[in-house]
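Here's the structure we're looking at; comments come further down.
The figures here come from the full heavy-atom set of this structure, side chains too, leaving out hydrogens, waters and symmetry mates. Residue numbers start at 1 and run along the sequence shown. If you're wondering where the values come from, they're calculated on a predicted model, not measured in any experiment.
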Amino acid sequence: MSAPRPAVNPPNVQSYCHLFYISDSQQAQIERLQALIVQHQLPIVLNTERLHDKLTQKRRQQLSQTSSVPILVLEQKDKLSWLSDGLSVAPEWDKLQRRVVSAGRKSELLLQAAKVTADSHVIDATAGFGHDSLILASTGAQVTMLEQQPLMALLLLVEQQRMSAQPNWQKLMSRLQIVNTDALSYFATLPADMTGATKAVDVVYLDPMFPEDSYQDSKTGKGAKVGKHMQALHQLASPPTLDEERQLLQHAQAIVRDSDKQGRVVVKRPQLAPSLANQQPNESWHNEAVRFDGYFV
(Lines give C-alpha, C1' and ligand atoms only; values in the text may rest on other atoms or scores of the structure.)
Protein backbone atom coordinates (compact mmCIF):
# COMPACT_ATOMS: atom_id res chain seq x y z
CA MET A 1 0.00 0.00 0.00
CA SER A 2 1.21 3.50 -0.80
CA ALA A 3 -0.46 6.82 -1.44
CA PRO A 4 -0.75 8.82 -4.64
CA ARG A 5 0.88 11.71 -2.78
CA PRO A 6 4.40 11.45 -1.30
CA ALA A 7 5.18 12.58 2.21
CA VAL A 8 8.97 12.58 1.87
CA ASN A 9 10.29 13.22 -1.61
CA PRO A 10 8.41 14.19 -4.78
CA PRO A 11 9.02 12.05 -7.90
CA ASN A 12 12.44 12.28 -9.60
CA VAL A 13 14.10 13.93 -6.56
CA GLN A 14 17.15 12.06 -5.32
CA SER A 15 16.51 10.21 -2.07
CA TYR A 16 19.52 9.64 0.16
CA CYS A 17 19.58 6.41 2.15
CA HIS A 18 22.09 5.05 4.63
CA LEU A 19 22.86 1.37 4.08
CA PHE A 20 24.44 -0.48 6.98
CA TYR A 21 25.92 -3.92 6.39
CA ILE A 22 27.36 -6.42 8.86
CA SER A 23 30.03 -8.31 6.91
CA ASP A 24 32.65 -7.60 4.25
CA SER A 25 31.40 -10.69 2.44
CA GLN A 26 28.26 -8.70 1.55
CA GLN A 27 30.05 -6.49 -0.98
CA ALA A 28 28.69 -8.56 -3.88
CA GLN A 29 25.13 -8.06 -2.62
CA ILE A 30 25.75 -4.31 -2.28
CA GLU A 31 26.89 -4.25 -5.91
CA ARG A 32 23.68 -6.05 -6.93
CA LEU A 33 21.69 -3.44 -5.02
CA GLN A 34 23.46 -0.64 -6.85
CA ALA A 35 22.84 -2.42 -10.17
CA LEU A 36 19.09 -2.66 -9.44
CA ILE A 37 19.01 1.06 -8.66
CA VAL A 38 20.65 1.86 -11.99
CA GLN A 39 18.64 -0.68 -14.01
CA HIS A 40 15.30 0.61 -12.74
CA GLN A 41 16.40 4.25 -12.63
CA LEU A 42 15.50 4.63 -8.98
CA PRO A 43 16.33 8.10 -7.63
CA ILE A 44 18.25 6.66 -4.68
CA VAL A 45 21.77 7.46 -3.48
CA LEU A 46 23.14 4.82 -1.10
CA ASN A 47 25.74 5.76 1.50
CA THR A 48 27.18 2.49 2.78
CA GLU A 49 28.77 1.81 6.16
CA ARG A 50 30.07 -1.37 7.76
CA LEU A 51 28.74 -2.08 11.25
CA HIS A 52 31.34 -3.55 13.58
CA ASP A 53 29.19 -3.88 16.68
CA LYS A 54 26.30 -6.29 17.19
CA LEU A 55 23.01 -5.15 15.71
CA THR A 56 20.90 -5.44 18.84
CA GLN A 57 17.44 -3.91 19.23
CA LYS A 58 18.97 -1.11 21.30
CA ARG A 59 21.51 -0.43 18.54
CA ARG A 60 18.72 -0.35 15.92
CA GLN A 61 16.88 2.20 18.04
CA GLN A 62 20.00 4.34 18.32
CA LEU A 63 20.56 4.26 14.57
CA SER A 64 16.96 5.31 13.92
CA GLN A 65 17.15 8.20 16.36
CA THR A 66 20.43 9.63 15.08
CA SER A 67 19.83 9.44 11.33
CA SER A 68 18.12 12.17 9.32
CA VAL A 69 17.71 9.93 6.25
CA PRO A 70 16.05 6.53 5.76
CA ILE A 71 18.11 3.56 6.93
CA LEU A 72 18.45 0.24 5.13
CA VAL A 73 20.13 -2.74 6.78
CA LEU A 74 21.69 -5.69 4.97
CA GLU A 75 21.19 -8.37 7.57
CA GLN A 76 22.24 -12.01 7.87
CA LYS A 77 21.58 -14.14 4.79
CA ASP A 78 21.71 -10.87 2.78
CA LYS A 79 18.17 -9.92 3.74
CA LEU A 80 17.50 -6.23 3.08
CA SER A 81 15.27 -4.45 5.57
CA TRP A 82 14.22 -0.89 6.29
CA LEU A 83 14.83 0.39 9.80
CA SER A 84 11.69 2.24 10.86
CA ASP A 85 11.56 3.59 14.43
CA GLY A 86 14.00 0.91 15.49
CA LEU A 87 11.98 -1.89 13.89
CA SER A 88 13.28 -3.78 10.86
CA VAL A 89 10.58 -4.19 8.23
CA ALA A 90 10.86 -6.03 4.92
CA PRO A 91 8.49 -7.69 2.41
CA GLU A 92 9.43 -11.19 3.69
CA TRP A 93 7.42 -12.93 0.99
CA ASP A 94 8.65 -16.36 2.08
CA LYS A 95 6.59 -16.00 5.27
CA LEU A 96 3.46 -15.91 3.11
CA GLN A 97 4.21 -19.24 1.43
CA ARG A 98 1.45 -21.22 3.13
CA ARG A 99 -1.10 -18.48 2.44
CA VAL A 100 -0.02 -18.12 -1.20
CA VAL A 101 -0.15 -21.89 -1.82
CA SER A 102 -3.63 -22.22 -0.33
CA ALA A 103 -5.00 -18.94 -1.69
CA GLY A 104 -8.46 -19.24 -3.21
CA ARG A 105 -11.79 -17.48 -3.19
CA LYS A 106 -12.92 -19.42 -0.13
CA SER A 107 -10.00 -18.17 1.97
CA GLU A 108 -9.18 -14.78 0.43
CA LEU A 109 -11.69 -11.92 0.38
CA LEU A 110 -9.48 -10.12 -2.13
CA LEU A 111 -9.91 -12.93 -4.66
CA GLN A 112 -13.65 -13.03 -4.05
CA ALA A 113 -13.78 -9.34 -4.93
CA ALA A 114 -11.31 -9.34 -7.83
CA LYS A 115 -12.43 -12.61 -9.48
CA VAL A 116 -9.14 -12.89 -11.34
CA THR A 117 -8.16 -15.96 -13.36
CA ALA A 118 -4.96 -17.25 -14.92
CA ASP A 119 -5.44 -15.12 -18.03
CA SER A 120 -6.16 -11.88 -16.15
CA HIS A 121 -4.01 -8.75 -16.15
CA VAL A 122 -4.10 -6.87 -12.87
CA ILE A 123 -2.61 -3.54 -11.85
CA ASP A 124 -1.87 -3.26 -8.14
CA ALA A 125 -1.69 0.52 -8.14
CA THR A 126 -0.50 0.84 -4.52
CA ALA A 127 1.86 -2.10 -4.02
CA GLY A 128 3.45 -1.34 -0.63
CA PHE A 129 5.14 -4.50 0.66
CA GLY A 130 3.56 -6.53 -2.15
CA HIS A 131 1.62 -9.02 -0.03
CA ASP A 132 -1.67 -8.52 -1.86
CA SER A 133 0.11 -8.69 -5.22
CA LEU A 134 1.34 -12.17 -4.31
CA ILE A 135 -2.21 -13.30 -3.56
CA LEU A 136 -3.44 -11.89 -6.88
CA ALA A 137 -0.57 -13.51 -8.80
CA SER A 138 -1.14 -16.86 -7.08
CA THR A 139 -4.12 -17.33 -9.44
CA GLY A 140 -1.80 -17.28 -12.45
CA ALA A 141 -2.64 -13.65 -13.27
CA GLN A 142 -0.04 -11.17 -14.50
CA VAL A 143 0.33 -8.39 -11.91
CA THR A 144 1.87 -4.99 -12.55
CA MET A 145 2.93 -3.55 -9.19
CA LEU A 146 3.10 0.24 -8.93
CA GLU A 147 5.00 1.71 -5.99
CA GLN A 148 5.60 5.43 -5.79
CA GLN A 149 8.22 5.49 -3.05
CA PRO A 150 11.71 4.60 -4.42
CA LEU A 151 12.75 3.05 -1.11
CA MET A 152 9.78 0.69 -1.16
CA ALA A 153 10.31 -0.09 -4.84
CA LEU A 154 13.90 -1.10 -4.08
CA LEU A 155 12.77 -3.39 -1.26
CA LEU A 156 10.29 -5.04 -3.64
CA LEU A 157 12.86 -5.49 -6.42
CA VAL A 158 15.39 -7.01 -4.01
CA GLU A 159 12.75 -9.36 -2.63
CA GLN A 160 11.72 -10.43 -6.13
CA GLN A 161 15.36 -11.11 -6.96
CA ARG A 162 15.85 -13.06 -3.71
CA MET A 163 12.74 -15.20 -4.15
CA SER A 164 13.49 -15.84 -7.84
CA ALA A 165 16.51 -17.84 -6.70
CA GLN A 166 14.15 -20.36 -5.08
CA PRO A 167 12.84 -22.88 -7.67
CA ASN A 168 9.33 -23.17 -6.20
CA TRP A 169 8.87 -19.37 -6.38
CA GLN A 170 10.23 -18.71 -9.87
CA LYS A 171 6.96 -18.99 -11.81
CA LEU A 172 5.16 -16.69 -9.40
CA MET A 173 7.99 -14.14 -9.50
CA SER A 174 7.91 -14.13 -13.30
CA ARG A 175 4.29 -12.92 -13.20
CA LEU A 176 5.21 -9.77 -11.24
CA GLN A 177 6.36 -6.53 -12.83
CA ILE A 178 7.49 -3.83 -10.39
CA VAL A 179 7.39 -0.18 -11.50
CA ASN A 180 8.52 2.80 -9.44
CA THR A 181 5.82 5.34 -10.24
CA ASP A 182 2.64 6.81 -8.84
CA ALA A 183 -0.66 5.43 -10.07
CA LEU A 184 -1.98 8.55 -11.81
CA SER A 185 1.25 9.07 -13.78
CA TYR A 186 1.24 5.42 -14.87
CA PHE A 187 -2.42 5.53 -15.88
CA ALA A 188 -1.63 8.56 -18.05
CA THR A 189 0.91 6.49 -20.04
CA LEU A 190 -1.67 3.87 -21.03
CA PRO A 191 -3.52 4.30 -24.35
CA ALA A 192 -7.01 5.76 -24.13
CA ASP A 193 -8.33 2.79 -26.14
CA MET A 194 -6.94 -0.49 -24.79
CA THR A 195 -8.78 -2.62 -27.37
CA GLY A 196 -5.69 -3.07 -29.52
CA ALA A 197 -3.32 -3.40 -26.62
CA THR A 198 -1.31 -6.57 -26.14
CA LYS A 199 -3.09 -7.22 -22.88
CA ALA A 200 -6.00 -5.16 -21.63
CA VAL A 201 -6.27 -4.52 -17.91
CA ASP A 202 -9.02 -6.54 -16.25
CA VAL A 203 -8.68 -5.38 -12.64
CA VAL A 204 -7.17 -2.34 -10.94
CA TYR A 205 -6.56 -2.86 -7.25
CA LEU A 206 -6.32 0.19 -4.99
CA ASP A 207 -5.17 0.13 -1.37
CA PRO A 208 -4.49 3.81 -0.70
CA MET A 209 -3.15 5.04 2.59
CA PHE A 210 -5.73 6.08 5.15
CA PRO A 211 -5.53 7.83 8.54
CA GLU A 212 -4.07 5.68 11.31
CA ASP A 213 -7.31 5.82 13.30
CA SER A 214 -9.39 4.44 10.41
CA TYR A 215 -9.32 0.97 11.96
CA GLN A 216 -11.09 2.24 15.08
CA ASP A 217 -14.76 2.80 15.77
CA SER A 218 -15.25 6.56 16.13
CA LYS A 219 -17.64 6.02 19.05
CA THR A 220 -15.99 3.24 21.06
CA GLY A 221 -12.35 3.76 20.02
CA LYS A 222 -12.02 0.00 19.60
CA GLY A 223 -10.74 -1.69 16.49
CA ALA A 224 -7.95 -3.68 14.89
CA LYS A 225 -4.35 -2.95 15.81
CA VAL A 226 -2.07 -1.53 13.13
CA GLY A 227 0.89 -3.83 12.35
CA LYS A 228 4.51 -2.75 12.01
CA HIS A 229 4.38 -2.75 8.21
CA MET A 230 1.47 -0.32 8.25
CA GLN A 231 3.17 1.85 10.88
CA ALA A 232 6.25 2.05 8.69
CA LEU A 233 4.27 3.02 5.59
CA HIS A 234 2.72 5.93 7.47
CA GLN A 235 6.23 7.42 7.69
CA LEU A 236 6.59 7.46 3.91
CA ALA A 237 3.16 8.36 2.60
CA SER A 238 0.17 10.51 3.46
CA PRO A 239 -3.48 9.65 2.88
CA PRO A 240 -4.81 11.03 -0.45
CA THR A 241 -7.08 14.04 -0.42
CA LEU A 242 -10.71 13.62 -1.43
CA ASP A 243 -9.89 15.08 -4.85
CA GLU A 244 -7.01 12.62 -5.29
CA GLU A 245 -9.33 9.78 -4.32
CA ARG A 246 -11.77 10.87 -7.03
CA GLN A 247 -9.00 11.01 -9.63
CA LEU A 248 -7.70 7.58 -8.64
CA LEU A 249 -11.11 5.95 -8.89
CA GLN A 250 -12.09 7.68 -12.14
CA HIS A 251 -8.81 6.84 -13.90
CA ALA A 252 -8.86 3.26 -12.63
CA GLN A 253 -12.41 2.77 -13.95
CA ALA A 254 -11.37 4.17 -17.32
CA ILE A 255 -8.43 1.72 -17.51
CA VAL A 256 -10.56 -1.42 -17.07
CA ARG A 257 -13.28 -0.34 -19.50
CA ASP A 258 -11.71 -2.26 -22.39
CA SER A 259 -11.40 -5.57 -20.56
CA ASP A 260 -12.81 -8.61 -22.37
CA LYS A 261 -14.36 -9.55 -19.03
CA GLN A 262 -16.34 -7.40 -16.64
CA GLY A 263 -13.70 -4.83 -15.77
CA ARG A 264 -13.59 -3.96 -12.13
CA VAL A 265 -11.82 -1.73 -9.65
CA VAL A 266 -11.31 -3.25 -6.21
CA VAL A 267 -10.57 -0.94 -3.28
CA LYS A 268 -9.31 -2.12 0.11
CA ARG A 269 -10.60 -0.13 3.08
CA PRO A 270 -10.70 -0.55 6.85
CA GLN A 271 -14.07 -2.07 7.72
CA LEU A 272 -15.26 1.14 9.40
CA ALA A 273 -13.84 3.64 6.87
CA PRO A 274 -15.97 5.56 4.35
CA SER A 275 -15.97 4.52 0.69
CA LEU A 276 -13.20 5.82 -1.55
CA ALA A 277 -14.12 9.31 -2.83
CA ASN A 278 -17.46 8.79 -1.05
CA GLN A 279 -18.57 6.70 -4.04
CA GLN A 280 -20.79 3.74 -3.19
CA PRO A 281 -19.45 0.43 -4.60
CA ASN A 282 -21.48 -2.08 -6.57
CA GLU A 283 -20.65 -4.78 -4.04
CA SER A 284 -18.55 -5.23 -0.88
CA TRP A 285 -16.83 -8.13 0.84
CA HIS A 286 -15.66 -7.75 4.44
CA ASN A 287 -14.53 -9.31 7.67
CA GLU A 288 -14.08 -7.75 11.10
CA ALA A 289 -11.06 -5.67 10.08
CA VAL A 290 -11.10 -4.89 6.35
CA ARG A 291 -13.49 -4.38 3.48
CA PHE A 292 -13.04 -4.83 -0.28
CA ASP A 293 -15.29 -2.56 -2.34
CA GLY A 294 -15.94 -3.54 -5.96
CA TYR A 295 -16.72 -1.02 -8.70
CA PHE A 296 -17.83 -2.77 -11.88
CA VAL A 297 -17.44 -1.35 -15.36
Side-chain angles (χ1 to χ4, degrees), residues 1-51 63 67-84 88-94 123-130 133-134 137 142-166 169-170 172-190 198 232-233 235-237:
M1 173 192 333
S2 66
R5 179 180 52 168
V8 181
N9 289 316
N12 302 319
V13 172
Q14 293 280 34
S15 175
Y16 289 85
C17 293
H18 211 120
L19 173 66
F20 290 99
Y21 61 102
I22 60 176
S23 169
D24 291 332
S25 64
Q26 294 176 316
Q27 287 298 328
Q29 175 64 2
I30 293 173
E31 290 176 8
R32 287 195 290 272
L33 277 176
Q34 298 283 18
L36 277 176
I37 290 171
V38 173
Q39 179 186 349
H40 294 272
Q41 300 180 330
L42 300 179
I44 293 177
V45 177
L46 284 183
N47 297 314
T48 62
E49 182 179 339
R50 165 83 153 82
L51 279 175
L63 291 172
S67 179
S68 60
V69 299
I71 295 176
L72 295 173
V73 179
L74 199 53
E75 316 227 22
Q76 293 179 348
K77 298 182 180 179
D78 290 343
K79 179 183 129 184
L80 184 70
S81 63
W82 166 34
L83 203 57
S84 170
S88 291
V89 290
E92 297 180 301
W93 288 350
D94 47 340
I123 294 178
D124 181 349
T126 45
F129 286 96
S133 288
L134 288 188
Q142 299 289 323
V143 180
T144 301
M145 303 168 62
L146 310 183
E147 176 47 54
Q148 176 174 338
Q149 299 296 340
L151 177 69
M152 288 301 306
L154 179 60
L155 286 171
L156 290 173
L157 289 163
V158 170
E159 188 71 355
Q160 183 184 36
Q161 189 177 73
R162 182 176 78 95
M163 299 306 292
S164 293
Q166 301 186 31
W169 281 83
Q170 288 173 354
L172 180 58
M173 292 299 101
S174 70
R175 296 197 290 271
L176 302 176
Q177 180 191 12
I178 299 165
V179 184
N180 174 217
T181 186
D182 69 279
L184 292 177
S185 296
Y186 184 82
F187 292 162
T189 67
L190 299 177
T198 305
L233 286 171
Q235 294 190 29
L236 283 184

Problem set entry | Smallest separation among heavy atoms of A90 and K79, with atom names | CB-CE, 4.2 Å
For this session: Mind listing the closest non-hydrogen atom pair of A127 and M145 along with its distance?
Result: CB-CB, 3.9 Å
For this session: Taking the side chain as every heavy atom from C-beta outward, state whether Y186 and T144 have any atom pair closer than 4.5 Å.
Result: yes
Problem set entry | Residue pair T48 / I30, side-chain heavy-atom distance below 4.5 Å | yes
For this session: Give the C-alpha distance, both sets of side-chain angles, the deciding distance and a yes or no for side-chain contact (heavy atoms from CB on, under 4.5 Å) between W93 and L156.
Result: CA-CA 10 Å; W93 288 350; L156 290 173; 3.7 Å; yes
Exercise. Can you check side-chain hydrogen bond (donor to acceptor under 3.5 Å, both in side chains) on S81 and E75, steps first, answer last?
Worked result: CA-CA 7 Å; S81 63; E75 316 227 22; 2.7 Å; yes
For this session: Using modelled atom types only, decide if a donor and an acceptor are shared between the side chain of S164 and the backbone of Q160 within a distance under 3.5 Å.
Result: yes
For this session: Begin from the C-alpha positions of L74 and F20 and carry the test side-chain contact (heavy atoms from CB on, under 4.5 Å) through to its verdict.
Result: CA-CA 6 Å; L74 199 53; F20 290 99; over 6 Å; no
For this session: Quick one: list whatever passes side chain to side chain contact (heavy atoms under 4.5 Å, CB included) with Q161, sequence neighbours left out.
Result: R32, L36
Exercise. Can you tell me if R50 uses its side chain to pair, donor with acceptor, with the backbone of I22 under 3.5 Å?
Worked result: yes
For this session: Would you sort out whether L134 and L176 count as a side-chain contact (heavy atoms from CB on, under 4.5 Å), showing the intermediate values?
Result: CA-CA 8 Å; L134 288 188; L176 302 176; 3.9 Å; yes
Seminar exercise, completed: All heavy atoms of I44 vs all of C17, minimum pair found to be CG2-SG, 4.2 Å
For this session: Look only at the side chain of Q148 and the backbone of A183, and say whether a donor-acceptor pair between them is shorter than 3.5 Å.
Result: no
Exercise. Looking at residues at least two apart in the chain, or sitting in another chain, which of them share a side chain to side chain contact (heavy atoms under 4.5 Å, CB included) with S174?
Worked result: none
Problem set entry | Within-4.5 Å side-chain heavy-atom neighbours: L46 and I37 | yes
Problem set entry | Pair D94 + R162, salt bridge at N-O below 4.0 Å | yes
For this session: Name all residues meeting the side-chain hydrogen bond (donor to acceptor under 3.5 Å, both in side chains) criterion together with S23; count only those two or more places apart in sequence or in a different chain, and write none if there are none.
Result: S25
For this session: Mind checking the CD1-CD spacing from I123 to Q142? Nearest 0.5 Å is all I need.
Result: 12.5 Å
For this session: Specify the closest pair of heavy atoms between P91 and E159, including all atoms of both residues, with the distance to one decimal.
Result: CB-CG, 3.7 Å
Seminar exercise, completed: In terms of heavy-atom contacts, P43 and N180 come closest through CD-OD1, 3.7 Å
Problem set entry | Y21/Q29 under side-chain hydrogen bond (donor to acceptor under 3.5 Å, both in side chains): CA gap, chis, key distance, verdict | CA-CA 10 Å; Y21 61 102; Q29 175 64 2; over 6 Å; no
Problem set entry | Sub-4.5 Å side-chain heavy-atom contact between I178 and L146 | no
Exercise. Any side-chain heavy-atom pair from L151 and W82 closer than 4.5 angstrom?
Worked result: yes
Problem set entry | Exercise: identify the closest heavy-atom pair between E147 and A153 | CG-N, 3.7 Å
Exercise. So, do L157 and L42 sit near enough that their side-chain heavy atoms are less than 4.5 Å apart?
Worked result: yes
Exercise. Less than 4.5 Å apart, any side-chain heavy atom of H18 and any of E49?
Worked result: yes
For this session: Would you indicate whether the side-chain heavy atoms of L83 and L72 approach each other to under 4.5 Å?
Result: no
